[in-house]
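The residues of the chain are indexed from 1 along the displayed sequence.
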Amino acid sequence: MEQHAVEQHGKAEPTGLDVVVTTMASDSHTWNLVFLQLLLEELGHRVTNLGACVPDELLVAECRRIEPDLIVLSSVNGHGFNDGLRVIEALRARPELVRTPTVIGGKLGISGSGTPARHRALMAAGFDGVFEEGGSVLDFQSFVGSLPVGSVARALPAGSGVLL
């Protein structure tokens with residue numbers, strides 16, 4: 001059977017966001033990343049899943065290379081708050097990533113979820129959304145849906161509440 005290449009005429013505009021999904025250096029969990037990847041892909045977005053135990057330098061380098069529309073940091077081990085503060089500082093130190101929407105979520109501490117002080121500290125450090133365990137997936141979906149496709153220079157709403 002002969003195969004023919006299909007020639008594409010014109011240039012179709014890409015739909016959806018380019019999203020990087022990752023854990024941080026201390027977190028070896030992956031099911032949360034698989035869930036997020038599947039959820040985001042089902043919503044029509046393109047996802048690069050960096051996997052577990054991603055060193056800060058690699059995360060920053062990959063985000064600089066990919067130039068995503070959204071960065072999603074997920075933690076399950078309870079160290080997300082401390083790791084997140086360090087990672088957002090590294091991301092925001094890069095001029096090309098300073099305005100890239102970046103969110104964090106999951107189990108961010110070992111003393112329970114949803115503390116207002118932790119949420120405020122993460123937002124003040126540079127995150128555009130904080131989604132802690134026990135929250136609604138709909139809140140995360142709403143946040144993602146509020147982002148314009150293909151533009152990282154935007155004002156973002158503050159997030160709250162989903163297990164990332």
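One hydrophobic cluster, built from ILVMFWY side chains closer than 4.5 Å, cannot hold both Trp31 and Leu36; they sit in different ones. Cluster membership for Val21 and Val149, using ILVMFWY side-chain heavy atoms within less than 4.5 angstrom, is shared. The cluster map of Ile, Leu, Val, Met, Phe, Trp and Tyr, joined by side-chain heavy atoms under 4.5 Å apart, puts Val98 and Leu147 in different clusters. Hydrophobic clustering, with ILVMFWY side chains joined whenever heavy atoms are under 4.5 angstrom apart, groups Leu58 together with Met24. Hydrophobic clustering places Phe143 together with Leu43 (ILVMFWY residues linked when any side-chain heavy atoms are closer than 4.5 Å, directly or through intermediates).
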For this session: Please test Leu108 against Phe131 for side-chain contact (heavy atoms from CB on, under 4.5 Å), starting from the C-alpha separation and ending with a verdict.
Result: CA-CA 9 Å; Leu108 302 180; Phe131 301 90; over 6 Å; no
Exercise. Can you list the steps and then say if Val60 with Leu91 is a side-chain contact (heavy atoms from CB on, under 4.5 Å)?
Worked result: CA-CA 6 Å; Val60 171; Leu91 289 168; 4.0 Å; yes
Problem set entry | Worked verdict on Glu132 versus Lys107 for salt bridge (Lys or Arg N to Asp or Glu O under 4.0 Å) | CA-CA 6 Å; Glu132 290 206 53; Lys107 185 173 181 169; over 6 Å; no
Exercise. Between Val72 and Val20, is a side-chain contact (heavy atoms from CB on, under 4.5 Å) present by the stated rule, with each step listed?
Worked result: CA-CA 6 Å; Val72 179; Val20 168; over 6 Å; no
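To the nearest 0.5 Å, the span separating OG1 on Thr115 from CZ on Phe81 amounts to 7.5 Å. With rounding to the nearest 0.5 angstrom, the CG atom of Leu17 is 6.5 Å from the CG atom of Leu70. To the nearest 0.5 angstrom, Leu59 atom CG is 6.0 Å from Leu73 atom CG. Taking OG1 of Thr22 as the reference point, atom CD1 of Ile71 lies at 9.5 Å (rounded to 0.5 Å).
Considering only heavy atoms from C-beta on, Asp18 stays 4.5 Å or farther from His45 through its side chain. With contacts defined as side-chain heavy-atom distances shorter than 4.5 Å, the pair Phe127/Leu85 does not qualify. You'll find the side chain of Thr102 reaches within 4.5 Å of the side chain of Arg92, heavy atoms only. Residues Glu67 and Glu96 form no side-chain contact, since every pair of their non-hydrogen atoms from C-beta on lies 4.5 Å or further apart. No side-chain heavy atom of Thr48 sits under 4.5 Å from any side-chain heavy atom of Val19.
Judged purely by atom type and a 3.5 angstrom limit, Thr30 has no side-chain atom pairing as donor or acceptor with the backbone of Ser28. Listed for the Thr23 side chain is a donor-acceptor partner under 3.5 Å among the backbone atoms of Gly51. The main-chain N or O of Val76 is never found under 3.5 Å from a side-chain atom of Asn32 such that the two would form a donor-acceptor pair. In this structure, Asp128 contributes its side chain and Val103 its backbone to no donor-acceptor pair below 3.5 Å.
Between Gly129 and Met123 the shortest heavy-atom distance is N-SD, 3.8 Å. Nearest heavy-atom pair across Cys63 and Pro68 is O-CD, 3.2 Å.
Using modelled atom types and a 3.5 Å distance limit, the side chains of His29 and Asp27 yield a donor-acceptor pair.
Partners of Arg86 by salt bridge (charged side-chain N to carboxylate O under 4.0 Å, His left out), not counting sequence neighbours, listed by chain and number: Asp56, Asp83.
Annotation: Glu41, atom CD; neighbour count of heavy atoms from other residues, nucleotides and ligands within 6.0 Å is above 12.
Under the side chain to side chain contact (heavy atoms under 4.5 Å, CB included) rule, Gln141 has a single partner from Asp139, Val144, Val137, which is Val137.
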